[in-house]
Each structure stands twice: as structure tokens, then as C-alpha cells.
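Chain identifiers are assigned alphabetically (A, B, ...) following the order of the sequence lines, protein sequences preceding nucleic acid strands; residue numbering begins at 1 within each chain.
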Amino acid sequence: MKLEKIAAPKGVREYLPPESRSFEWVREQLISPAKSAGYQLMELPVFEDTTLFNRGVGETTDVVSKEMYTFEDRGGRSITLRPEGTAGVMRAVIEGNLDRGQLPVKVWYAGQFFRAERPQAGRYRQFYQVGIEAIGVDDPALDAEVIAIANQGFKNLGLKRYRLEITSLGDAASRAAHRVDLMKFIGGLNLDDATKARSEINPLRLFDDKRPEIIDAMQGAPLLMDYLSDYSLDHFSKVTGYLDDLNISYVVNKRMVRGLDYYTGTTFEFVHSDLGAQSGIGGGGRYDGLMEVLGGQPLSGIGFGLGIDRALLAAIAENTLPIQEFSSDLFIIPLGDEMKSFALTFAASARKQGFSAEVAFGERSLKGAMKGADKSGARFVAVIGETERESGSVELKRMSDGTSISVKMSELNKVLEL
RNA sequence: GUGGGCGUAGCUCAGCUGGUAGAGCACUCGGUUGUGGUCCGAGAUGUCGCGGGUUCGAGCCCCGUCGUUCACCCCA
């Protein structure tokens, strides 16, 4: 009797071999620039106290109000699977007193995040991101470097068909003044109820609407950029100046909208042109009030999150994925059961000598084992039996051309390093 | 949460106007004694997503459901 199969939960994205090799590669390309810029790893829990996101991300955001996986644990605590990375990093920085040391605190992280949305191309309920945060210094040069690090990650992937959009959301006072005028403007529009309701939660959302009639209606809307204080404008122009010096091209998007409430000042987004509706491959910005909201010192911060899933889709779309070799140096075939122990010993010795080695397991015929060796892509194959055990040397067959060389089992480097 | 497309072997798919399933690839074994890739031969595999309905009869029609996919919303 066959039992029913169990499927993965809806919308999760998982990576199995051989695809996982590409995933691993993409993740490393995206994060390596941060590592070489002095950012250090932070491993964080995937679930947190629900209050962290309510307070950090903002109750009115879609993410918090309708996309979180929230449940009660056995102790009656409200727990939420992290929908984004920054709030958790801030919590850990405060809790671990990292903000008492030298500033800025510079950390990176990678892992899965969870949002209960309807799955779509490039949008999953469990998705993967890498990100960095730099906390405690408000310097436009830092903003520029953070952006440059993200940009370098995408360049590492060989991507070309993407653009960097950047804007400044200014400080709280500027946003409040702009909001009043924007609400007034929107009030004069003839909108359907759903859209009106959305605009009351966050009027900026209408700038992001994809429907032509809304885009049209928003043409004359007041722009936040025109409300910025001198300080914010000066800060922003320095950031763009540094980007110019770094030869990083960008477009200033005065209508950019971000879904998380904590962003202030410099805000940016990387958008890829081949990905359909879910085109954002990364985004981030400054969040100058967040630490304080979470009970820490009033320190500024800036960071980004890059979507690994989408970056991988982009690399596939642009055909920039390198072939990911996965093969051992040596494939060892024991002749019969009585040679298995010897094969395991030999494999261990080969690994100790610095080479990767696999053993043929099971009851296959020699021919079958050779086929297995071939498919594994191993560079060399060694068949071992009585003769080898007695002599202490093996024939290493080079699979690329079929030639073989005899070598002592303790001196594999004489052949394998060629 | 709303709307459209799709759901046939491990994969990609075929299956004509309804008559209870096929191809290619992949996989396993073999082509005799301790050596792969090509070639040849043989073989295994499907409750046609699931449930109900129409019919003498359904993979093909209808309804529901689940899954998947694309878009809206939102966003990585």
C-alpha cells in the first residue's frame, strides 16, 4: 500500500540539486562585496516577538497588517516568522549592546523570510535575502557605500539590465507637511472606494499604482522631494555626488514608494527589466528613528535587502549563470563487498591528502559503477581490489581521455595535482 | 484577498469530433572473466491532481475542490 505524498506548503521556494548550486553561487556573489567592506555575519532567529514587527515595521503597512505568519507558541506568546530583516538586526544590536562599541556597527545576514501573500513569479511565501545594516553614523558617504556594495553584488552576477532608483524621503516634519498637501490633492480626485481606503492608510501608495487612469490622475500631485528641508536636500545631493564619483548610474525617482514605515532620508531600489510584475531585486534606505522606536539609543542606520530568488531569476534571464562544476577529484570503486572497508579507508586517506573523493556504494556491476563515476563528473577513477591492497598503488584513470597512471596510494598528489 | 490560464510516466509533452493511454529524454539490466562516455537489445513506471455529475462508455464534456501559474494588490 502506498501512502499519500506530502507536498511542500504553498508558495515556499526550495532549491534542490543541481539548482541549489546556482542558488549558493548567487548568494555568495551578492554578499561578498559586504564581506570585503568589513561587514560581519549576524545569525538571527527566523521568528521574533510579534511586537518587534508591529512597532518596527509599522502597524499600517501591508506587510504587518495582512502578510505576517503570526501564531501563539506553547507559552502563550505571540510569535511571528520574520517578514523582513532590519527589525531583527536592530533588536539584536540593542540586546547584544553592539551599539556601545565602535560605530558604525556593520553587519550582514542571509536567510529566509516569510510573507503570507499570493505566490507569483518571483514572489514566494518563503523567500531568501541577503542584507547589510550600518548603524550609528549619519554620513552621506556611508549611504553611497552601502548602495555601491549592493550594486557590486549585482555586477558580480553579471547583470546589466537593471537600474538603480533613488530618492530621499526627508525627515518626519517634511513628510508630515507633504502628507497634508497630498491628502488634499487626492481628496479632489474621483477614486473608487478601495483606492480611497488605501490612500487613507498611506497616500504615497497611489504613486505606485499601475493602473493608467491613476498614473494619469497623479501627474500633478505634490512631490515629497519639493518639501525636503535644506539639510535633507544637502544630504541627498552629497549621496548622489558620491555615486557620480563612483561611476554608479542611477535615476532619481521622485515618486518612489516603499512598503515599510521606518524609511527616512536616502531610499533606493534596484529594478530589473526582465522579471515581469515582481521586478524589484533589492532595496533599502536610511531608517533614522528605528533604533529608538525599538527601545535603543537614538542612532541612525542604513541598510539594504537583496532578493536571492529574484537575483537568480534575473541572472537566468540575462543568461549570466556560469556552469557550476560539482565533481570530485577521485571516484573509488571497490571490487566486491570484501573491498568496501578498504575503499572507505582509501577515500579517507585521499581526503586527508587534500582531495575530494567518493566511493561507489551498493551492489552494482563494475560497468554500472563506471557509469556512476562518469555521471558524477569525477576527474579520476580508481578500481580497487586484491591487487591494489597488496601493492599499495592504484591505477588512476583520467576520465577526460581514458588514460591511466599508476601511483602510490599515499602519493595521490603526484597525479591528482596535474 | 480578487481575476485569468493550466494540471496525462522522474522530466518535456502527444492523445483527432468522448470508446478505459503513448513518444522522446532520463532510469535499471544486459551485449560473459577488473574499467565509463557512442551503439545495440531488454525492462520498470501512470488510481490521466482529487471528488461528484452527464453518458452504454470520459484523459477528453459539466460542477466543485486542491495544486500550480500569470496578473491586480503588495513587495525581495
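Within 4.0 Å (heavy atoms only), E388(A) reaches at least one base atom of the nucleic acid. Residue contacts shown for S376(A) are absent, as no nucleic acid heavy atom lies under 4.0 Å away. Residue R115(A) is classed as a base contact, given a heavy-atom separation below 4.0 Å to a base. Using a 4.0 Å heavy-atom criterion, one finds that G276(A) contacts the sugar-phosphate atoms exclusively. Nucleic acid contact class of I281(A) (heavy atoms, under 4.0 Å, all strands): sugar-phosphate only. Nucleic acid contact class of E395(A) (heavy atoms, under 4.0 Å, all strands): none. Among the protein residues, K375(A) comes within range of the sugar-phosphate backbone only, with heavy atoms under 4.0 Å from sugar or phosphate atoms but none that close to a base. Residue contacts for A373(A): at a heavy-atom cut-off of 4.0 Å it reaches no nucleic acid atom on any strand shown. Counting non-hydrogen atoms under 4.0 angstrom, R364(A) reaches the backbone sugars and phosphates but no base. If you check every strand for non-hydrogen atoms under 4.0 Å, S365(A) touches sugar and phosphate atoms only. Across all strands shown, R205(A) has heavy atoms under 4.0 Å from sugar-phosphate atoms exclusively, and none from any base. When heavy atoms are screened at a 4.0 angstrom cut-off, K371(A) is found touching the sugar-phosphate backbone but no base atom. Across all strands shown, G122(A) has heavy atoms under 4.0 Å from base atoms, whether or not it also approaches the sugar-phosphate. Here Y128(A) lies out of heavy-atom contact (under 4.0 Å) with every strand.
Annotation: of the two residues near RNA chain B, K10(A) and D209(A), the 5′-most nearest-nucleotide partner is K10(A).
Using atom C1' as the reference point in both U69(B) and U55(B), the two lie 33 Å apart (nearest Å). Of the C1' atoms belonging to G52(B) and A42(B), the separation is 43 Å, rounded to the nearest Å. Remark: the separation of the P atoms in C60(B) and G53(B) is 14 Å, to the nearest Å. Separation of the P atoms belonging to C27(B) and C16(B) is 31 Å when rounded to the nearest angstrom.
Taking the charged nitrogens against the carboxylate oxygens, K66(A) and E117(A) have no contact shorter than 4.0 Å, which rules out a salt bridge. Under 4.0 Å is where a charged nitrogen must lie from a carboxylate oxygen, and between E19(A) and R13(A) at least one such pair does. Look at K238(A) and D143(A) and you find no salt bridge, because none of the NZ, NE, NH1 or NH2 atoms lies under 4.0 Å from a carboxylate O. A salt bridge is defined here as a Lys NZ or Arg NE, NH1 or NH2 lying under 4.0 Å from an Asp or Glu carboxylate O, and K375(A) with E358(A) fails to meet this definition.
Atom NZ of K35(A) has more than 12 neighbouring heavy atoms from other residues, nucleotides or ligands inside a 6.0 Å radius. Few gaps surround CD on E28(A); more than 12 heavy atoms of other groups in view lie less than 6.0 Å from it. Within a 6.0 Å sphere centred on CG of D401(A), other residues, nucleotides and ligands contribute more than 12 heavy atoms.
Distance, E117(A) CD to U69(B) P: 14 Å, rounded to whole Å. As rounded to whole Å, 11 Å separates atom C1' of U33(B) from atom CG of L366(A). We find that CG of L204(A) is positioned 15 Å from C1' of C74(B), with the value rounded to whole Å. A straight line from CE of M370(A) to P of U28(B) spans 15 Å, rounded to a whole angstrom. If you take CG of D374(A) and P of C39(B), they are 13 Å apart, rounded to a whole angstrom. We find that CG of L275(A) is positioned 10 Å from P of A71(B), with the value rounded to whole Å. Following rounding to the nearest Å, D274(A) (CG) and A76(B) (P) show an atom-to-atom distance of 20 Å.
S279(A) places no side-chain N or O within donor-acceptor distance of the main-chain N or O of V271(A), the cut-off being under 3.5 Å.
Listed candidates were C74(B), C75(B), U35(B). Nearest to the side chain of K397(A) is U35(B). Residue Q278(A) places its side chain closer to C73(B) than to any other of U2(B), C73(B), U35(B).
If you look at Y69(A) and F47(A), their ring centroids are not closer than 6.0 Å. If you look at F154(A) and Y162(A), their ring centroids are closer than 6.0 Å.
The base-pairing partner of U68(B), taking Watson-Crick or G-U wobble contacts with both distances under 3.5 Å, is G5(B). Across all strands shown, G37(B) forms no Watson-Crick or G-U wobble pair with both distances under 3.5 Å. Across all strands shown, the partner of U28(B) is A42(B), judged by Watson-Crick or G-U wobble contacts whose two distances both fall under 3.5 Å. For G51(B), the paired base is C63(B) (Watson-Crick or G-U wobble, both distances below 3.5 Å). Pair assignment for A21(B): none, as no Watson-Crick or G-U wobble contacts are both less than 3.5 Å. Under the Watson-Crick and G-U wobble criteria, each requiring two contacts below 3.5 Å, nucleotide G57(B) is left unpaired.
For the pair Q120(A) and U69(B), the criterion of a side-chain N or O lying under 4.0 Å from OP1 or OP2 is not met. A sub-4.0 Å separation between OP1 or OP2 of U68(B) and a side-chain N or O of R125(A) is absent.
Within residues 282-291 of chain A, the residues approached by RNA chain B to less than 4.0 Å at the level of any non-hydrogen atom are G282(A), in residue-number order. The stretch residues 150-162 of chain A has no heavy atom under 4.0 angstrom from RNA chain B at all.
Both thresholds, 5.5 Å between centres and 30° between ring planes, are not jointly met by F113(A) relative to the base of A76(B), so the two rings are not stacked.
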For this session: Applying salt bridge (charged side-chain N to carboxylate O under 4.0 Å, His left out), run through D374(A) and K371(A) and close with a yes or a no.
Result: CA-CA 5 Å; D374(A) 189 38; K371(A) 282 191 174 185; over 6 Å; no

For this session: Evaluate the criterion salt bridge (charged side-chain N to carboxylate O under 4.0 Å, His left out) for residue pair R163(A) and E165(A); output intermediate values, then yes/no.
Result: CA-CA 6 Å; R163(A) 64 178 185 279; E165(A) 297 189 354; 2.7 Å; yes

